[in-house]
Amino acid sequence: MLDGAPPRRLRGVATLAIVFPSLIVPRRALAWARYEDVAALRAAGALRARGDDVIVLDALASFGARVTDAGGGEITVGVSDDALAARLPAGDDEIFVAPHPLARQTLDALVDALSAAAPAARITRGLPPHDPHTPPAWEALDLAARAAAQAALHDGDAWSPAALPIDARDAGGWSSGELDRELGRAASLGATSVVITSPTATLGAAAVEDAIARCHARGFDFATRDGVDAGAVSDESLRRLALREQHLAITATSDVDALAGLVERAGAVPLIVVADVGGPDQREADVNRALERLVAAVDRHGLSARARALPGGVDVGEFLWTLDARLGAGAGPKKIIMNVTYRCNNRCTFCATGTRTQLDGNHDRQRELLAKYRALGVKLLDLDGGEPTLNPRLFELVGHARRLGYEKVNVTTNARMASYRDYAHKLTRCGVTSVLVSLHGPDAQTHAQNVGVAEAFDQTCLGARNLVAEAPPSVELGANITLTKSNHKKLRQVAELVCSLGLGWFNLQFLTPFGRATSSVAPDTAEAAKEAMRVIDEFRDRLKFQVINLPFCFMPGYEEFLLGDLLKLERHMLFVNNDEVNLFEYLRERRTKKPVCEACPRAVFCGGFYELDDVPEPTWLVSPEDLVRPIRRELPGPGAPAT
């Protein structure tokens with residue numbers, strides 16, 4: 001086996017074989033891996049051009065190619081070594097095994113399989129010298145097998161899985177002539193789709209316009225792997241794309257103003273913003289900056305987005321998991337939280353609405369808001385306050401919401417009204433699907449320290465027992481605690497109480513910095529998070545948990561319980577005076593990012609750390625005439641202020 005040796009002239013005697021191996025890649029990098037065989041195909045094209053008989057055994061373009069789990073978050077892409085070796089022809093062959101950094105850790109297994117199939121062959125680890133701009137030898141492949149393999153490896157990219165990749169570059173950069181030649185070859189081979197893998201993000205408007213025209217002239221859509229720059233898209237390009245009803249991929253590195261201008265000009269052409277992250281030249285902070293640009297484009301312009309993992313650098317699996325969650329949450333509200341009243345019979349030390357006017361919301365306006373959001377597809381509703389059970393028309397609102405089609409309606413309450421058995425019966429049978437009881441201590445003293453009312457603990461516990469006794473099986477019951485200096489070390493005892501009351505789930509809520517929630521009330525966040533982890537470990541078999549208002553970094557390994565913080569972007573809050581706000585943005589006003597956040601895989605979604613030292617008192621005091629202010633038609637998007 002002689003690495004790098006020149007090929008023997010075997011024309012008419014035997015056949016040269018170029019073998020491209022299966023690859024092991026991070027699961028998120030599947031789309032990138034699909035076209036990594038092009039270099040091997042160019043080498044085959046160079047040998048064919050000088051008259052050698054060449055076959056290509058390509059693990060990414062063979063019948064039976066598939067994606068299999070390689071463990072450790074990685075996947076194997078292609079066909080097995082034995083399947084490749086079985087396709088070798090008999091004879092005194094010379095075999096070149098294409099090197100690749102994402103091939104198996106060593107190629108020993110593949111070389112052994114090839115040696116067994118062709119014991120007389122000379123096997124070289126490496127490709128023969130060739131011009132890197134030689135057209136790929138697509139004709140050396142069974143294109144039907146390649147199309148089937150690419151379909152099996154397809155992971156949802158916008159272009160066709162059977163597209164032939166074209167890299168129209170030469171030593172001087174982009175070459176229209178080379179592009180035209182490659183498009184012609186693709187058409188002659190019977191291809192119906194192509195994707196340009198050249199770095200089109202660096203092209204000017206004239207080159208982009210020329211490429212679109214040449215693709216369309218050959219009957220192909222203009223599809224690129226990495227997207228074009230927003231500033232390089234002319235009105236003529238948009239006109240051509242619109243005629244074919246075709247989307248256009250734009251790179252996330254585009255200038256902000258250029259992207260905004262393109263959105264205005266695009267008309268009927270759908271735009272998708274794309275970003276490649278995780279390559280050898282990127283660090284974690286670079287990945288976050290790229291994803292932040294992607295999210296900004298989605299939030300500001302409502303565009304579709306796609307991020308693709310590049311191998312060889314940062315493992316971006318967790319970054320892209322967070323991005324998927326962020327984009328999914330930002331697609332529109334899935335839940336609304338309606339403050340039905342600002343009246344309350346507790347005086348909680350941490351209350352975010354404690355200084356508000358003691359008024360109920362206007363019932364007719366609240367019905368209008370419920371109808372507005374239901375028409376937008378929202379199916380989840382949380383009725384809150386103040387104390388919602390003090391609103392005398394609470395049951396009417398619940399019934400109206402269910403008639404509108406809200407599938408789940410929750411009431412969050414201190415349960416003191418439910419200490420009256422008849423009220424507990426009515427509350428659990430008015431149409432609610434869940435009731436969440438606020439419980440802020442395991443004993444009367446601790447609870448009173450937090451809610452400001454001595455008798456509240458006994459009434460809340462009795463109310464919880466009545467709810468359990470009266471609720472039909474279809475109504476889910478749970479508890480909620482806001483962690484403070486006086487109760488966080490007693491969290492285990494509270495969990496025991498929740499179990500003894502017969503409640504099935506337990507929300508652990510960290511302070512939000514509004515109203516009375518100041519640093520004088522807040523516990524040490526890291527210490528409270530440790531208590532939360534200990535309690536989850538002990539009670540996870542008995543209670544369902546959700547942790548709210550806490551950055552991921554305080555509870556590593558407990559991400560499944562912290563989704564409540566992420567999902568706030570899916571929730572809009574409706575205040576008593578009919579203000580509508582995106583809850584994620586509403587809370588982010590008091591959160592800050594710190595240096596440690598730059599490399600965090602949750603940064604693109606996490607709002608950062610809460611600042612509790614200078615907490616503003618609520619400014620939303622309302623008068624009776626405020627309760628009938630008009631309902632605005634548009635949704636508050638990210639960054640939109642309340643009206």
Side-chain angles (χ1 to χ4, degrees), residues 23-36 72-75 100-102 155 157-158 197-203 224-232 249-260 271-301 303-330 551-553 556 559 566 569 588 591-609 638-639:
L23 303 179
I24 296 180
V25 299
R27 183 170 295 276
R28 294 281 187 165
L30 174 56
W32 182 90
R34 286 168 49 203
Y35 299 133
E36 283 306 287
E74 294 185 316
I75 55 175
H100 197 284
L102 296 179
D155 68 342
D157 281 318
T197 57
S198 314
T200 50
T202 63
L203 297 179
T224 66
R225 185 166 69 166
D226 61 348
V228 300
D229 186 84
I250 303 297
T251 176
T253 58
S254 297
D255 176 78
V256 173
D257 292 335
L259 180 59
L271 303 178
I272 179 171
V273 182
V274 299
D276 288 342
V277 293
D281 59 339
Q282 287 188 339
R283 306 314 311 152
E284 288 86 349
D286 300 317
V287 172
N288 274 330
R289 281 190 286 271
L291 297 183
E292 285 167 4
R293 288 194 295 267
L294 201 70
V295 168
V298 173
D299 287 346
R300 292 171 187 163
H301 306 298
L303 302 179
S304 299
R306 182 180 73 246
R308 183 174 58 244
L310 299 178
V314 177
D315 182 357
V316 296
E318 292 301 306
F319 289 83
L320 295 187
W321 178 91
T322 306
L323 176 70
D324 289 345
R326 171 64 174 80
L327 294 178
F552 278 106
C553 52
E559 287 81 3
L566 291 180
L569 194 61
R588 194 164 66 177
R591 297 179 85 162
T592 60
K593 294 290 184 72
K594 298 184 178 181
V596 69
C597 301
E598 291 184 0
C600 177
R602 312 300 178 197
V604 74
F605 207 148
C606 179
F609 297 88

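The figures here come from the full heavy-atom set of this structure, side chains too, leaving out hydrogens, waters and symmetry mates.
When the side-chain contact (heavy atoms from CB on, under 4.5 Å) test is applied to A258, the partners found at least two apart in sequence or on another chain are A230, D255. Remark: T200 pairs with D226 by the side chain to side chain donor-acceptor pair (under 3.5 Å) rule, at least two apart or across chains. Annotation: side-chain contact (heavy atoms from CB on, under 4.5 Å) contacts of V274 (sequence neighbours excluded): A249, I272, R306.
For the atom pair CZ of F605 and CG of L291, the computed distance is 13.0 Å after rounding to the nearest 0.5 Å. Taken from CD in E318 to CG in L323, the straight-line distance is 12.5 Å, to the nearest 0.5 Å. Rounding to the nearest 0.5 angstrom, the gap separating the CG atom in L303 from the CD1 atom in I250 is 9.0 Å. To the nearest 0.5 Å, atoms NZ (K593) and SG (C600) are separated by 8.5 Å. Atom OG1 of T253 and atom CZ of R293 lie 6.5 Å apart (nearest 0.5 Å). Atom-to-atom distance recorded for E36:CD and L23:CG is 7.0 Å, nearest 0.5 angstrom.
Scanning all heavy atoms of the two residues, the minimum distance from Q282 to V314 falls at O-CG2, 3.2 Å. Summarising the geometry of C597 relative to A603, their closest heavy-atom pair is O-CB, 3.4 Å, with the distance given to 0.1 Å.
Salt bridge status for R283 with D286: absent, with no side-chain N to carboxylate O gap under 4.0 Å.
When atom types are taken as modelled, the side chain of R308 and the backbone of R225 share a donor-acceptor pair closer than 3.5 angstrom.
By the 4.5 Å heavy-atom criterion applied to side chains, L203 and D229 are not counted as neighbours.
Results of the side-chain contact (heavy atoms from CB on, under 4.5 Å) test with L310 over V277, D281, D276 single out D276 as the only residue that passes.
Defined by atom type and a distance below 3.5 Å, a donor-acceptor pair is present between the side-chain atoms of T322 and R602.
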List the steps and the verdict of side-chain contact (heavy atoms from CB on, under 4.5 Å) for L294 and R326.
CA-CA 11 Å; L294 201 70; R326 171 64 174 80; over 6 Å; no
